[in-house]
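Heavy-atom basis, side chains included; hydrogens, waters and symmetry copies ignored.
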Amino acid sequence: RHARAVTVPSQWVAECLRRDMHLAPYVIPHGVDVAEWTHTEEREGYVLWNKNRHDAVWDPEPVAQLARLRPNMPFVSTFCPGKPANVKVTGLVAFPDMKRMTQRAGGYLATTRETGRIGVLEAMAAGTPILVFDWGDTADLIQHGESGYLVDPGDYQALATGLDYVMAHWQRFSDGAR
């Protein structure tokens with residue numbers, strides 16, 4: 001309360017501080033160096049969901065639900081209790097390995113309420129299309145139908161439809177994400 005300036009990574013976080021703490025924070029969003037994410041390797045076509053812990057915010061249930069709806073699509077996840085057969089679980093991986101996984105993914109699943117969205121920015125910089133629940137501030141980054149596909153939170157059938165659409169128009173979504 002005595003700081004001369006308060007900074008936050010997104011409008012979504014700023015709204016919480018304005019409402020709950022009566023502060024006027026400055027929004028300074030995260031950024032990534034697009035050149036560091038450019039690559040020439042072949043895409044492997046899997047859908048990636050990567051988080052570093054399992055809690056109420058970072059729930060892996062959406063990757064499991066989507067994988068069940070699309071059993072012929074490969075998925076990669078850092079964790080996924082009760083995983084379907086088409087989900088490869090990596091456990092926590094070092095940043096260079098996660099970077100390569102993001103660059104080689106066919107799609108990036110963003111289903112959590114993000115406050116910083118760095119993973120989404122990295123995926124977009126790599127040209128990996130985003131499938132996202134429309135909440136938190138992640139949705140502020142995505143142009144539906146251009147850089148990714150937005151669906152209502154918890155609507156797994158719409159998420160599966162979005163995955164089909166993104167894969168059918170992958171190059172356009174990849175260019176839009178970048």
### Query
Taking atom types as modelled, is there a side-chain donor on Thr78 or Trp49 under 3.5 Å from an acceptor on the other?
no
Assigning hydrophobic clusters by single linkage (Ile, Leu, Val, Met, Phe, Trp, Tyr; side-chain heavy-atom cutoff under 4.5 Å), is [X] placed with [Y]?
X      : Y      : value
Val6   : Ile28  : no
Val89  : Leu66  : yes
Ile118 : Ile142 : yes

### Task
With rounding to the nearest 0.5 Å, note down the distance linking OH in Tyr46 to CE in Met101.
5.5 Å
## Note on the structure
Rounded to the nearest 0.5 Å, the OG atom of Ser77 sits from the CG atom of Leu48 at a distance of 8.0 Å
Side chain to side chain contact (heavy atoms under 4.5 Å, CB included) involving [X] - partner list, sequence neighbours excluded:
X      : answer
Pro153 : Phe133, Trp135
Gln157 : Leu69, Arg70, Asp155, Ala160, Thr161
Ala24  : none

### Task
Just grab all the salt bridge (charged side-chain N to carboxylate O under 4.0 Å, His left out) pairs involving residues 90-112, residues at least two apart or on different chains.
Glu41-Arg100, Glu41-Arg104, Glu44-Arg104
Output all residues satisfying side chain to side chain donor-acceptor pair (under 3.5 Å) with [X], sequence neighbours left out; order by chain, then residue number.
X      : value
Glu15  : Arg18
Gln65  : Glu61
Gln143 : none

Where is the tightest heavy-atom contact between [X] and [Y], given as atom of each residue plus distance?
X      : Y      : result
Phe173 : Gly148 : CE2-O, 3.2 Å
Ala64  : Pro84  : O-CG, 3.6 Å
Leu121 : Val32  : O-CG2, 3.7 Å

### Message
Taking atom CZ as the centre, does Phe95 end up with more than 12 heavy-atom neighbours from other residues, nucleotides or ligands that are less than 6.0 angstrom away?
### Response
yes
Hey, does [Y] have a side-chain heavy atom less than 4.5 Å from the side chain of [X]?
X      : Y      : result
Lys83  : Lys88  : no
His144 : Tyr149 : yes
Thr38  : Gln103 : no
Val76  : Val87  : no
Thr112 : Asp59  : no

Validation: residues 122-131 side-chain donor-acceptor distances under 3.5 Å, sequence neighbours left out:
unit_1, atom_1, unit_2, atom_2, d
Thr128, OG1, Arg43, NH1, 2.7
Thr128, OG1, Thr102, O, 2.9

### Pairs flagged by side chain to side chain donor-acceptor pair (under 3.5 Å) wherever residues 168-177 is involved - sequence neighbours left out
Tyr165-Arg172, Gln171-Asp175
### Which residues share a ring pair (Phe, Tyr, Trp, His ring centres under 6.0 Å) with Tyr108, sequence neighbours left out
none
### Task
Using the side-chain contact (heavy atoms from CB on, under 4.5 Å) rule, pick out the option among Val132, Thr111, Leu159, Asp134 that qualifies with Val151.
Leu159
